[in-house]
Amino acid sequence: MEACDASIPYTLLGFLLQGGGDRPPANFCSSAAPGGQGFLKDYVARGTNALLWISLISVTFLLFRKLARLVGFWAKGSRIPGPPSPSFFGHSKLIAGCGSGANLTGYLSKLHESYGPIVRLWLGPTQLLVSLKDTTLIKDVLVQAEDKLPLTGRAFHLAFGRLSLFVSSFRKVQKRRESLEAYLNGKLAERANMISWKVVECVMGRVDTIMAKGILDCRSVSQHMAFYTLGVGLFGDAFLDWSEAATYEELLLMIAKNGCFWASYRIPPFWRRGYWKYRSLCMRLQCLTQDIIQRSLGQINQDSCKRTSDTGREAGADGTVLLDNTRSRGLFQEEIEEDVISKEEACANMLGLMFHGCLATASLIHSILTWLVLNPELQEKSYSEIVRVWGRTSGPDSLEVQKMHFLLATVYESARLLPAGPLLQRCSLKHDLILNSSITLPAGAMLVVPLQLLQMDDSIWGKDASHFNPHRFLSKAIDHGGTFEEHEKHEECPFISEPNKSAAFLPFGAGARACIGQKFAIHGISALLAYLLQNYEMRLKPDFENNSKPTVHDCLLQLQASPKVVFARRN
């Protein structure tokens, strides 16, 4: 027996084979004697068993760890006020029955009335939605919850390929977001007036053609304006002369309509013909993006040559675009050279900027045009202010646009009543959020702020919260019911310059994930409207008056349909 024991090597595996007080069988040595074959077989069998036991223990430990986290998640989530879960799958069927996000907001409105400013809703065994309506906690939560929902980037990735700007982890995009924010709200915001003038000229040329064929609605005009504003801002004047611009716009709208549907599949539905059609549209859009990037960079090089040859003047100074971050180097160029991202990824990031910016900007412009068309007296007030500040024909600069207090107030009021999206979404992926009210929001919970409920709260905005009243964003020295003549007398009274400081006004978000281009959007849209109203009068189609009145349903303001409009050039 001693010789037999000695044949087992003194290793960790040998120790495991001898462990537990078990001794080798009596025939162990005899079976291992001839050539050691029996011993090797038994050695391998025992080693395999040991590895299997180690694997089983490891998997069991991981499962128990995950189960413990899930139990903790359930325990923390159950402490938050909210309705009981009707089944193992939670309220997923109920939410699916609600349909759009606006109806979900209406359902959350009823829950807030019953359970208070913080409400939880189980969407499944591992999916917890927490809705916040408490203004004292919203800003704190949005600052702490830097990450977006884990699935929000799936639609972007599916449509545009690999991209790094629209990912869930804030740490991965923080530096890039900061550089983009500095550029959008700095150098590019200074050019907002010139961009707006070119866009109005281009869009109104198309509008005249469309009006000759039929009726035009506010939504179509808004989409065109947002598309060309972002296009000129990102790619420069080459975008206006690009023959594929109309095709590019059409593809963007088609992908925006179907992207979330195909991204809802956890496994790409390769067996569906519509999926491959959608993928071909995405590939076409990516090719067009690469084409306009090359055209824009070519124009930048030409402008650089003209500036070099002409030392007496700064030729092409207005040709600065987002791609030309340092005049001769494109956006993401340094990261490409450092192998941080590839050229395909940089193209996808640019396409994501164009896609996301167009949707948000078009929504805000549509809201503004709708209110101005439905309220001709407000349109005339804005026009009178524009004439007073600019004159009838002179071109403005950025400082003059900031003097148009009533126009800026109209932009903010439109964003308040009809924000770009019904819910502001965040998610803290790794850390629990402990609120001042001793309520803990577990990591992984989907945090939402129902913007329309918050921005139409009577206790915050007054009894006229559901009415369009731009004066609420003007100085308190001007009575909300005052006439425009009274407003002119208080020309020096400041416009509320920082309405975003209010926790109840979040059309551009707040915290680390706030919209990086909100200053550019406000300046650009204000200048765009000023140019438009200076030269055109918007009139509602007579037989459409009864179909365009906004209604309040389930505490939400809803437009029946996009108003049909007619543009008349001013004398």
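Throughout, residue positions are numbered sequentially from 1 according to the sequence presented.
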Within the distance-only criterion (no hydrogens, no angle test), does the side chain of [X] pair as donor or acceptor with the backbone N or O of [Y] below 3.5 angstrom?
X    : Y    : value
S367 : S414 : yes
D140 : T136 : no
R177 : A514 : yes
D147 : F170 : yes
S280 : K277 : yes
W262 : Y278 : no

Side chains of [X] and [Y], heavy atoms from C-beta outward: is any pair under 4.5 Å?
X    : Y    : value
F508 : I522 : yes
V141 : L447 : yes
L285 : M254 : no
M404 : I386 : yes
Q425 : M446 : no
K133 : V449 : no

First locate atom [atom1] of [X], then atom [atom2] of [Y], and finally report the distance between them rounded to the nearest 0.5 Å.
X    : Y    : atom1 : atom2 : answer
S382 : L372 : OG    : CG    : 5.5 Å
I138 : L424 : CD1   : CG    : 8.5 Å
T410 : N469 : OG1   : CG    : 10.0 Å
L423 : T105 : CG    : OG1   : 4.5 Å
C358 : Y228 : SG    : OH    : 11.0 Å
C287 : I292 : SG    : CD1   : 14.0 Å

- [ ] Could you walk me through whether M225 and L528 pass the side chain to side chain contact (heavy atoms under 4.5 Å, CB included) test, one step at a time?
- [x] CA-CA 8 Å; M225 288 185 174; L528 192 72; 3.7 Å; yes

TODO: If the plane angle is over 60° it's perpendicular, under 30° parallel, otherwise tilted; pick one for Y248 and F227.
DONE: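 Tilted.
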
TODO: If the plane angle is over 60° it's perpendicular, under 30° parallel, otherwise tilted; pick one for F239 and W242.
DONE: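 Tilted.
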
Which heavy atom of [X] sits nearest to which heavy atom of [Y], and what is that distance?
X    : Y    : answer
H366 : S222 : CA-OG, 2.9 Å
L128 : R120 : CD1-CB, 3.8 Å
L359 : A256 : CD2-CB, 3.9 Å
A362 : Q223 : CB-CA, 4.1 Å
L417 : W371 : CD1-CZ2, 3.6 Å
S363 : P419 : OG-O, 4.0 Å

Task: Distance-only donor-acceptor check, side chains Q379 and N375, under 3.5 Å - done: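 Per modelled atom types, Q379 and N375 side chains form no pair under 3.5 Å.
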
Open item on the list: Less than 3.5 Å apart, any donor N or O on the side chain of E249 or H224 sitting next to an acceptor on the other?
Closed with: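 Checked: E249/H224 side chains pair up, N/O donor to acceptor below 3.5 Å.
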
Open item on the list: Please determine whether a side-chain nitrogen of the Lys or Arg among E146 and R513 lies less than 4.0 Å from a carboxylate oxygen of the Asp or Glu.
Closed with: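 The answer is no: the pair does not qualify as a salt bridge.
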
TODO: Could you check L137 against L132 for side chain to side chain contact (heavy atoms under 4.5 Å, CB included), going step by step and ending with a plain yes or no?
DONE: CA-CA 8 Å; L137 300 177; L132 301 170; 5.6 Å; no

Task: Stepwise side chain to side chain contact (heavy atoms under 4.5 Å, CB included) check, R416 with W461 - done: CA-CA 10 Å; R416 182 188 72 87; W461 299 96; 3.8 Å; yes

- [ ] Go through the structure and list residues passing side chain to side chain contact (heavy atoms under 4.5 Å, CB included) with P117, not counting sequence neighbours.
- [x]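 P117: side chain to side chain contact (heavy atoms under 4.5 Å, CB included) contacts with D134.
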
Task: salt bridge (charged side-chain N to carboxylate O under 4.0 Å, His left out) involving E244 - partner list, sequence neighbours excluded - done: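 E244: salt bridge (charged side-chain N to carboxylate O under 4.0 Å, His left out) contacts with R284.
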
Task: Worked verdict on L454 versus F505 for side chain to side chain contact (heavy atoms under 4.5 Å, CB included) - done: CA-CA 8 Å; L454 186 67; F505 183 74; over 6 Å; no

